[in-house]
Amino acid sequence: MTRGQFITFEGTEGVGKSTQIARAAAALQARGVSVLVTREPGGTPMAEAIRALLLEPRDEPVHELTELLLMFAARAQHLHTRILPALDAGQWVLCDRFTDATFAYQGGGRGVSRERIAVLEQLVQDDVRPDQVFLLDAPVETGMARARSRGALDRFEQEAVTFFQRVRECYRVRAALQPDRYQLIDAARPLEQVAADIRRHLHAMLDRR
Ligand code: Z5A
């Protein structure tokens, strides 16, 4: 059995990750690929319970290490009980955010050091890294306007524009450092153009196998 591909979708809020994952899954399925669509934090019942803890707005200040450890606790459960078994079974896993989000949000956004995050990455993931990362990139204000038309804001969505600007910058730096693994996608364009770009990259991945 050929191992599946692990593909993640990243970016600041409202850039269109969920929308594009659904289209990417359909494009792969049309080529006969078995796909698992999942997300972080979350993806298993226990990890979804941790997600609810993380996203719920609360009066108590949340320490950045508490947030970091909860992200990786959810990830350990998700990776080892859901993602890796699916990859071993030959499925392609499309995941809405993964550890790049931790470097961007807890690192770039909250100021936790890269080294500290890397220690947990190694502990939880060993050598597992996404095969391909689609970084959907758009001005922070564009994504915020799209996402905020939905109503009540979660704990992350309540952050200031400057927080998301640091997150975006961190993502862009990571993408520039590893151009083979990242596809930087201009997500400010109309939805169908973004989807066509991603589809082209996925077809190229399939053709190489
Ligand atoms: N987080 C973290 O801090 N550390 C970590 O390690 C991880 C996560 C894994 C929840 O993630 C929070 O967890 C997240 C970071 C943190 N907080 N924030 N911000 P999430 O992925 O669930 O949250 P999100 O980024 O806020 O998701 P989102 O708002 O659902 O965004 P999206 O999935 O990128 O967008 P969408 O739902 O596909 O689209 C939003 C709207 O825009 C929708 O109405 C679409 O129809 C529309 N849209 C999409 N694309 C377009 C284009 N191209 N043109 C026009 N309109 C569009």
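In each ligand, atom 1 is the first atom listed, and ligand 1 is the first ligand listed. Quick note: residue numbers are just sequence positions, from 1.
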Tell me the contacting part of [X] for ligand 1: side chain, backbone, both, or neither, using a 4.0 Å heavy-atom threshold, strictly below.
| X | result |
| --- | --- |
| Glu159 | neither |
| Ser18 | both |
| Gln106 | side chain |
| Thr99 | neither |

Does even one non-hydrogen atom of [X] get within less than 4.0 Å of ligand 1?
| X | result |
| --- | --- |
| Gln193 | no |
| Arg51 | yes |
| Arg189 | yes |
| Phe9 | no |

Is the closest N or O pair between [X] and ligand 1 shorter than 3.5 Å?
| X | value |
| --- | --- |
| Leu191 | yes |
| Phe156 | no |
| Thr19 | yes |
| Thr12 | no |

Exercise. Relative to the heavy atoms of Thr102, which atoms of ligand 1 are at a distance of less than 4.0 Å?
Worked result: 5 (C), 6 (O)

Has the side chain of [X] got a donor or acceptor atom that lies under 3.5 Å from a matching backbone atom of [Y]?
| X | Y | value |
| --- | --- | --- |
| Gln20 | Leu191 | yes |
| Arg189 | Asp186 | yes |
| Arg58 | Leu53 | yes |
| Arg114 | Gly107 | no |
| Asp131 | Ile7 | no |

Problem set entry | Verify atom 42 (O) of ligand 1: protein non-hydrogen atom under 4.0 angstrom away |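 Given the 4.0 Å limit, the answer for atom 42 (O) of ligand 1 is yes, a protein heavy atom qualifies.
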
Exercise. Who's closest to atom 23 (O) of ligand 1 heavy-atom-wise, of Glu10, Gln20, Met71, Arg97?
Worked result: Arg97

Problem set entry | Nearest-option assignment for atom 35 (O) of ligand 1, heavy atoms, candidates Gly16, Gly42, Gly11 |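 Looking at heavy atoms only, Gly16 sits closest to atom 35 (O) of ligand 1.
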
For this session: Tell me, yes or no, whether the heavy-atom count around Arg116 atom CZ, taken from other residues, nucleotides or ligands under 6.0 Å, exceeds 12.
Result: no

Exercise. Going by the salt bridge (Lys or Arg N to Asp or Glu O under 4.0 Å) test, which pairs reach into residues 21-40, not counting sequence neighbours?
Worked result: Arg23-Glu192, Arg31-Asp207, Arg39-Glu48, Glu40-Arg75

Problem set entry | Ring geometry between Phe134 and Phe9 (parallel below 30°, tilted from 30 to 60°, perpendicular above 60°) | tilted

For this session: Could you tell me the residue and atom name of the protein heavy atom closest to atom 19 (N) of ligand 1, and the distance to it rounded to 0.1 Å?
Result: Glu13 CB, 3.4 Å

For this session: Measure the spacing between OG1 of Thr99 and CG of Leu120 and express it to the nearest 0.5 Å.
Result: 10.0 Å

